[in-house]
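The structure appears below as structure tokens.
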Amino acid sequence: MGEVTLTGHIDVPRNRLDDIRAALQDHIRLTRAEPGCLMFNVDEDPDIPGRFNVSERFTDSDAFRAHQARVKSSDWGKISAGIPREYEILGLED
């Protein structure tokens with residue numbers, strides 16, 4: 001198994017920006033502490049209002065899937081539910 005990378009963005013509607021910004025630092029901190037997380041960045045795009053650029057790297061598919069499972073049941077998962085995302089995932093094995 002090789003590394004898994006995710007790159008892309010999340011486009012946050014204006015009426016949800018305050019909630020996303022308030023929850024983001026805790027989401028980043030928790031993710032970076034996960035086993036297998038090599039890199040995790042979410043940065044607000046300076047040129048596109050409401051867009052947050054996402055870049056992730058995990059040691060393998062198992063670590064990436066564990067992250068995805070944790071996020072679904074987390075506060076971040078609830079706060080960000082339904083917000084459009086556009087991601088490219090490389091290295092994910094079945």
Atom pair [atom1]/[atom2] of [X] and [Y] - distance to nearest 0.5 Å:
{"X": "Glu93", "Y": "Arg65", "atom1": "CD", "atom2": "CZ", "result": "8.0 Å"}
{"X": "Glu3", "Y": "Thr59", "atom1": "CD", "atom2": "OG1", "result": "7.5 Å"}
{"X": "Asn41", "Y": "Arg57", "atom1": "CG", "atom2": "CZ", "result": "10.0 Å"}
{"X": "Ser74", "Y": "His27", "atom1": "OG", "atom2": "NE2", "result": "6.5 Å"}

4.5 Å side-chain heavy-atom contact, Glu56 and Cys37
no
Can you confirm whether more than 12 heavy atoms, excluding those of Gln68, are under 6.0 Å from its CD atom?
yes
Among residues at least two apart in sequence or on other chains, which ones pass side chain to side chain donor-acceptor pair (under 3.5 Å) with Asp26?
Arg29
Taking ILVMFWY side chains as joined if any heavy atoms are under 4.5 angstrom apart, and letting links pass through other members, which residues group with Ile28?
Val4, Leu6, Ile10, Val12, Leu17, Ile20, Leu24, Phe40, Val42, Phe52, Val54, Phe58, Phe64, Val71, Trp76, Ile79, Ile83, Tyr87, Ile89, Leu92
Provide the closest heavy-atom pair for Ala63 versus Gly36 in the form atom of the first, atom of the second, distance.
CB-CA, 3.8 Å
If every non-hydrogen atom of Ser61 is compared with every non-hydrogen atom of Gly91, which pair is closest and at what distance?
OG-O, 3.6 Å
Check: Lys78 side chain, Ser73 main-chain N or O, donor-acceptor pair, under 3.5 Å:
yes
Which pairs count as salt bridge (charged side-chain N to carboxylate O under 4.0 Å, His left out) when at least one residue sits in residues 31-52, sequence neighbours excluded?
Asp11-Arg51, Arg21-Glu44, Glu34-Arg70
Between the side chains of Arg85 and Ser80, does any donor sit under 3.5 Å from an acceptor?
yes
